[in-house]
Amino acid sequence: MRLIDITNSYSHLVAQQLSATDAQFVKVYSLGPTTVVYTQAPSHQEILLTNERRNILDAEIDYVLDKLCKAKQGEVDLVRGHHLAEISVPMDMRRTQIL
């Protein structure tokens, strides 16, 4: 697995996130067929994983958590939905290492 920065292809999404939320930093990555939106705000980090064809795999969540914030699934708030997963990282877990 490999995260590829595709933020430039999502300039409208990034502009919307920066203007309509408390986000100070937004990056968009490709993880094969899965799109990862990473948002950093003063009080939290949010990671959204989406895939149009299937549900998000545990391996994808583990990989993204390790690469973006050095956390494990048990240390974060994780909400799963149809073809998506939303991760909220508490402020005390912020050990971000942006790729």
Side-chain angles (χ1 to χ4, degrees):
M1 274 187 250
R2 188 172 156 184
L3 283 173
I4 299 170
D5 186 351
I6 56 171
T7 305
N8 289 340
S9 298
Y10 288 86
S11 59
H12 182 68
L13 170 70
V14 171
Q16 269 187 320
Q17 287 290 316
L18 292 173
S19 67
T21 67
D22 64 342
Q24 294 179 330
F25 181 85
V26 178
K27 280 277 204 183
V28 182
Y29 299 98
S30 171
L31 186 63
T34 301
T35 302
V36 179
V37 180
Y38 172 79
T39 305
Q40 189 173 30
S43 61
H44 64 283
Q45 293 176 120
E46 295 288 331
I47 302 170
L48 176 68
L49 293 89
T50 62
N51 188 310
E52 293 182 9
R53 296 184 187 103
R54 61 170 172 75
N55 288 330
I56 304 302
L57 305 173
D58 281 336
E60 292 172 316
I61 294 170
D62 291 337
Y63 182 81
V64 168
L65 283 172
D66 180 56
K67 292 297 180 183
L68 295 180
C69 51
K70 303 296 182 198
K72 304 237 183 271
Q73 282 192 44
E75 303 170 331
V76 299
D77 296 324
L78 174 63
V79 177
R80 289 177 182 265
H82 183 67
H83 295 205
L84 65 88
E86 183 177 357
I87 304 165
S88 181
V89 182
M91 192 165 173
D92 60 345
M93 285 295 305
R94 290 174 54 172
R95 298 179 292 216
T96 305
Q97 210 177 339
I98 303 302
L99 300 175

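- Residues Leu13 and Leu31 are members of separate hydrophobic clusters, defined by side-chain heavy-atom contacts under 4.5 angstrom among Ile, Leu, Val, Met, Phe, Trp and Tyr.
- Side-chain atoms of Val37 and Thr39, non-hydrogen and from C-beta on, do get closer than 4.5 Å to each other.
- The same ILVMFWY cluster, assembled from side-chain heavy atoms under 4.5 Å apart, contains both Val64 and Phe25.
- For the atom pair CG (Leu68) and CD (Gln40), the distance works out to 10.0 Å, reported to the nearest 0.5 Å.
- Between Ile61 and the choices Thr34, Asp66, Ile56, the side chain to side chain contact (heavy atoms under 4.5 Å, CB included) rule is met once, by Ile56.
- Side-chain contact between Ile47 and Val36 is present, with heavy atoms from C-beta onward closer than 4.5 Å.
- Using a 4.5 Å cut-off on side-chain heavy atoms (C-beta onward), Leu65 and Val76 make contact.
- The shortest non-hydrogen separation linking Ala41 to Ala23 is CB-CA, 4.2 Å.
- By the 4.5 Å heavy-atom criterion applied to side chains, His82 and Asn55 are counted as neighbours.
- Formation of a donor-acceptor pair under 3.5 Å by the His83 side chain with backbone atoms of Thr50 is not found in this model.
- Between Tyr10 and Thr35, the closest side-chain pair of non-hydrogen atoms falls below 4.5 Å.
- A salt bridge is defined here as a Lys NZ or Arg NE, NH1 or NH2 lying under 4.0 Å from an Asp or Glu carboxylate O, and Glu60 with Arg54 meets this definition.
- Ile87 contributes atom CD1, which lies 7.0 Å from atom CD of Gln73 (distance to the nearest 0.5 angstrom).
- A 4.5 Å side-chain heavy-atom check between Val89 and His44 finds every atom pair outside the cut-off.
- Here the side chains of Gln45 and Cys69 are in contact, with some heavy-atom distance below 4.5 Å.
- One distance of note links NZ of Lys70 with CD of Glu75; it measures 12.5 Å at 0.5 Å rounding.
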- Query: When you look at Glu86 and Glu46, which way does the side chain to side chain contact (heavy atoms under 4.5 Å, CB included) test go after all the steps?
  - Reply: CA-CA 7 Å; Glu86 183 177 357; Glu46 295 288 331; 3.3 Å; yes
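- No side-chain heavy atom of Leu3 sits less than 4.5 Å from a side-chain heavy atom of Asp5.
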- Apply side chain to side chain contact (heavy atoms under 4.5 Å, CB included) to Leu84 and Leu49, showing your working. CA-CA 5 Å; Leu84 65 88; Leu49 293 89; over 6 Å; no
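- A salt bridge between Asp62 and Lys72 is absent, with no side-chain N of the basic residue lying under 4.0 Å from a carboxylate O of the acidic one.
- With rounding to the nearest 0.5 Å, the separation of OH in Tyr63 from CE in Met1 is 7.5 Å.
- Under the 4.5 Å side-chain heavy-atom criterion for ILVMFWY residues, a single connected hydrophobic cluster contains both Val28 and Leu18.
- Note: Ser30 OG to Ile6 CD1 = 5.0 Å, rounded to the nearest 0.5 Å.
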